[in-house]
Every structure is written in C-alpha cells, then in structure tokens.
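Report on one structure; see the data block that follows.
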Amino acid sequence: MHKTAFNKVSVIGLGYIGLPTAAVIASRGIEVIGVDVSRHAVDTINQGKIHIVEPDLDMLVQSAVTTGKLRASTEPEAADVFMIAVPTPFSDGHKPDVSYIEAAVKAIAPVLQKGNLVILESTSPVGTTEKMSEWMSEIRNDLKFPHQNGEQADIQIAHCPERVLPGYVIQELVSNDRVIGGLTPFCAEQAKALYEVFVKASCIITDARTAEMAKLTENSFRDVNIAFANELSIICDKLNINVWELIKLANRHPRVSILKPGPGVGGHCIAVDPWFIVDSAPDEAQLIRTAREVNDGKPEFVLEKIRKVAGEFKQPKIALLGLAFKADIDDLRESPAVGIAQKVIQEACAEVLIVEPHINELPAKLQGDNVKLVSLADSLGEANIIVTLTDHTVFKQVKQSVLQEKVIIDARGIWEKD
Ligand code: SAJ
C-alpha cells in the first residue's frame with residue numbers, strides 16, 4: 001500500500017465543479033494544476049480570470065493564480081492526486097455517456113506514478129469507478145490497479161461525487177458532507193485524507209458503487225419532489241385553484257414540505273442523473289422515470305398557455321423573462337426556458353422580447369427576425385404578455401404597478417402575494 005502525498009493535485013476539467021475545487025485546494029497552499037481541453041478556459045484562468053459565472057469564484061481564482069498555487073494547462077502532467085470533474089451527459093435514448101471520463105482517464109494514464117490517487121468527482125452511472133480502473137490498466141500494465149490487485153494496488157481509486165449547488169459552490173464545497181467510495185477501503189481512506197484538507201463537514205466512507213448511487217439518489221429524490229409540485233400545478237390549473245396558495249397552506253403541516261412548480265427542470269444534473277438509474281434498472285425505476293417525464297412535460301404545458309394568450313391579441317408581443325435554468329446564474333444548460341423560447345420563436349405566434357441579464361448575446365438557436373434580447377425595463381414597457389421562466393432576483397423586484405396592464409403567465413410564481 002502506498003500512502004499518497006498531497007503536494008501536487010491535478011484537476012481534470014475546469015468547469016463549474018473542477019475550477020472551484022481547484023481554486024479551493026490551491027487556497028489551502030497545495031500546488032494545483034488544472035487541465036482542460038479548452039484553450040480559452042486555460043488561457044483565461046492563467047490570467048487570473050474565470051470563464052464561468054459563480055459568486056466569489058473570481059476572487060478565489062485570481063488569488064490562487066497570483067500566488068502561483070494554481071495554473072492551468074491543456075496537457076496533463078505528473079501529480080500526486082488526479083481529480084476528474086468532466087461532464088457526464090446522456091446520449092440518445094437517455095443512455096449515460098461516460099466518454100469524457102474515459103478520455104480524461106486515458107489522458108492521465110501515461111503520467112501516472114506508483115502511489116497516485118485518482119478520484120472521480122463527476123456524477124456517474126453505477127460501475128464507472130471500476131471501469132476507470134480497467135481503462136487505466138489497459139494503458140499501464142506496468143502498474144497494479146485496485147480492480148485486479150485490491151489493497152496491493154499501486155494506484156488508489158475512489159469516487160467522491162460533487163454535490164454543490166450552483167450559485168453557492170464556494171460555500172458548499174467546504175460546508176457539505178462528502179460521501180467517499182473507494183474501490184478498496186484503503187482507496188477511500190486516502191481520498192478522505194485529501195478532502196479533509198478543505199472540507200469542514202464530515203467525510204463519510206463507503207464503497208464506490210454506493211457512492212455512485214448515493215449521488216444519483218440525491219438528485220432523483222429532488223426530481224421526484226419537483227415532479228410532485230409540477231403535477232400539482234397542472235391539476236390546480238384544471239380545478240381553478242391557485243397552486244402557490246395551496247402549497248403554502250399544505251406546507252403548514254409539520255411533515256409536509258412541497259417544492260416549487262416551475263416551467264420544467266433544467267441544468268446538467270437533476271434533468272439528467274435520474275436517467276442513469278433508469279438505464280441501470282429500467283423495469284424497476286418506474287417512479288423515477290415517471291417523475292422525469294412529468295418534469296419534461298411541463299414546458300409544453302407553459303407553451304400551451306402562451307399560445308392561448310397570444311391568440312387573443314392582434315399583435316402579441318411576448319416578454320420571456322429568463323433563459324437560465326435557475327435563479328441568478330448564467331447557465332443555460334438543459335434549460336426549459338430555452339426550449340420554450342425556441343418554440344415560441346419558431347411558431348412565430350408573436351414578437352418575442354427575451355430578458356436574460358446574465359448573457360450579452362442570444363444563443364444561435366434563439367436568433368431570428370421576430371426576436372431580440374432586451375433589458376428588463378424595455379421588455380416591461382413594450383410587451384403586452386409577460387412570462388416568467390426564471391426566478392432571477394431582479395425580476396422579483398419589479399413593481400406590481402408596472403404589470404397592471406399586462407397579461408401575466410407567472411410560471412415561477414415570483415409575483416405571487418405572500
Ligand atoms: N426547481 C424547481 N422547483 C424547485 C426546485 C428546483 O422547479 O422547487 C428547478 C430549478 O429551477 C432548476 C432545476 O429544478 O431548473 C434544478 O435546480 P436545483 O436548484 O434543484 O438543482 P441544481 O441542478 O442546480 O443542483 C443539484 C443539487 N442537488 C440537490 O439539491 C439534490 C446540487 O446539490 C448538486 O450538486 C447538483 O444538482 C449536481 O451537480 O448534481
């Protein structure tokens with residue numbers, strides 16, 4: 001057994017998880033080298049700047065780069081620890097796509113040395129950590145890996161799923177408990193020692209498969225609960241009941257805590273991860289699959305409302321407030337708001353004014369003759385129909401008097417009276 005030193009940590013993938021993790025570890029005085037395939041990301045970070053929006057991350061990266069503790073590169077190099085934080089999307093038919101993990105693992109394999117620790121942070125289908133061990137052993141048959149050699153392995157491998165909430169990443173990286181699953185108990189112990197360098201909460205050890213499933217379970221739990229709220233909103237619409245008031249009243253029960261309905265579930269996590277469970281157990285995961293379908297169906301419900309209202313105007317001008325998948329971030333990934341906007345534009349049922357304070361230009365798929373990106377003030381002045389798709393704080397601050405003459409579809413319930 002080779003105890004791992006933590007003098008140099010390499011973080012593979014400098015996105016929403018990898019970059020904050022790299023910067024936090026560097027802030028503890030450890031040398032960190034961040035690796036990403038994007039030249040733009042690498043160059044931006046090496047200038048002490050960031051290519052994503054996340055509160056407080058800019059300051060942290062700037063100080064880590066200035067003190068020389070963090071630098072970025074497009075090429076992996078030798079280190080004591082490798083942390084993999086690359087995307088795990090799904091491909092057609094909601095099949096998990098672990099090709100980015102495979103590519104990352106194959107890229108680091110040539111620089112691995114005896115005693116190294118490799119940690120998978122990316123949310124992954126059950127069995128991926130074992131596969132990582134196999135992929136690396138195919139390239140490095142001079143080294144012993146845990147899937148073949150157990151505690152006698154030269155390389156330790158563990159899964160520690162990231163579980164930080166976008167918008168609160170810096171805080172939650174330090175304050176959230178971590179679940180650490182090793183391919184062997186020694187792998188888990190080594191990974192735990194690393195996380196204890198920067199995590200203030202508990203680091204709990206288990207095996208890799210349970211850690212993989214724990215992460216998928218957390219996000220599926222949330223998806224199922226959001227689906228409940230979304231289904232309620234559709235039922236209430238049919239029964240002519242204000243769902244927001246209903247939820248507020250039901251939540252006064254000491255054991256009821258219903259989440260918020262919305263225009264659907266977005267982001268790269270909750271809208272994706274439950275499918276990994278469905279893929280592993282298609283016949284058994286019935287509730288989890290249905291929840292996904294309910295949430296994926298919600299944008300069409302909002303669209304139907306928009307079409308109906310637009311049909312009542314001679315010259316409908318619709319303001320769509322928000323494209324990001326949730327409040328106060330710039331992330332448009334898997335955003336139901338983007339899908340809704342795209343359909344409204346394509347169907348050309350109105351002139352469309354999009355308000356998204358966190359972007360400077362509309363994504364290509366939302367460009368067209370009948371659409372423009374405008375300020376909140378302009379949209380409120382010009383539009384006759386206003387649809388809330390993201391609950392950004394600035395939208396919540398709009399004075400009710402400004403909305404009086406407008407038709408409102410408040411899919412986020414941001415203007416509901418308390
Ligand atoms: N949403 C609702 N109603 C709600 C709560 C959320 O419609 O009551 C929507 C949001 O608007 C958004 C989507 O759900 O479109 C997901 O947002 P979120 O805030 O629930 O979660 P994410 O995707 O930003 O982050 C989740 C977190 N997981 C859990 O809370 C269990 C986070 O801790 C994970 O680290 C992250 O997924 C991840 O990376 O897996």
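Atoms within a ligand are numbered from 1 in the order they appear, just like the ligands themselves.
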Flag, side chain of S124 to backbone of S122, donor-acceptor distance under 3.5 Å: yes
Starting from atom 33 (O) of ligand 1, find the nearest protein heavy-atom neighbour and note its residue, name and distance. R163 O, 2.9 Å
Under 4.0 Å from one or more heavy atoms of C269, ligand 1 contributes atoms 23 (O), 36 (C), 37 (O), 38 (C), 39 (O), 40 (O)
Crowding at CZ, F313 (>12 non-hydrogen neighbours, <6.0 Å): yes
Indicate yes or no: does R71 engage E77 in a salt bridge with an N to O separation below 4.0 Å. yes
Which of the atoms in ligand 1, numbered in the order shown and given with their element, are less than 4.0 Å from a heavy-atom of L259? 8 (O)
R412 versus ligand 1: do any nitrogen or oxygen atoms come within less than 3.5 Å of each other? yes
Who's the nearest protein heavy-atom neighbour of atom 10 (C) of ligand 1, and how far? F325 O, 3.8 Å
Would T123 count as being in polar contact with ligand 1, using the rule that some N or O on each side must be under 3.5 angstrom apart? no
For atom 20 (O) of ligand 1, find the nearest protein heavy atom and state the residue, atom name and distance (0.1 Å precision). R222 NE, 2.4 Å
Identify which one of T129, T217, T123 satisfies the side-chain hydrogen bond (donor to acceptor under 3.5 Å, both in side chains) criterion when paired with E212. T129
Can you tell me if N384 uses its side chain to pair, donor with acceptor, with the backbone of P316 under 3.5 Å? no
Consider every N or O of V164 and every N or O of ligand 1, then say whether any pair is closer than 3.5 Å. yes
Hey, does G262 come in under 3.5 Å of ligand 1, counting only N/O atoms on both sides? no
In this structure, atom 25 (O) of ligand 1 is nearest to the protein heavy atom L165 CD1, 3.5 Å
Among all protein heavy atoms, pick the one closest to atom 14 (O) of ligand 1 and tell me residue, atom and distance. I226 CD1, 3.4 Å
Could you tell me whether the side chain of E54 and the main chain of G167 form a donor-acceptor pair under 3.5 Å? yes
Is E300 paired with R307 through a side-chain N to carboxylate O contact shorter than 4.0 Å? yes
I157 and M132, any side-chain heavy atoms less than 4.5 Å apart: yes
Could you tell me the residue and atom name of the protein heavy atom closest to atom 19 (O) of ligand 1, and the distance to it rounded to 0.1 Å? K326 NZ, 2.8 Å
Within this structure, what is the CG-CG distance for the pair L70 and L14, rounded to the nearest 0.5 Å? 7.5 Å
Whether H51 and H40 hold their rings parallel, tilted or perpendicular, with breakpoints at 30° and 60°: perpendicular
Nearest protein heavy-atom contact for atom 39 (O) of ligand 1: which residue, which atom, what distance? E162 OE2, 2.5 Å
Report yes if E218 has an N/O atom closer than 3.5 Å to an N/O atom of ligand 1; otherwise report no. no
If you measure from each non-hydrogen atom of K215 to ligand 1, which part falls under 4.0 Å: side chain, backbone, both or neither? side chain
How does K260 reach ligand 1, by side chain, by backbone, by both or by neither, if only non-hydrogen atoms under 4.0 Å count? both
May I ask you to decide whether K106 forms a salt bridge with E102, counting only side-chain N to carboxylate O separations under 4.0 Å? yes
Is it the case that ligand 1 has an N or O less than 3.5 angstrom from some N or O of G266? yes
For the residue pair Y195 and F198, categorise the inter-ring angle as parallel (less than 30°), tilted (30 to 60°) or perpendicular (more than 60°). tilted
Atom 21 (O) of ligand 1: closest protein heavy atom, distance to 0.1 Å, is I270 CD1, 3.5 Å
Show which atoms of ligand 1 fall inside a sub-4.0 Å distance from at least one heavy-atom site of P166. 24 (O), 25 (O)
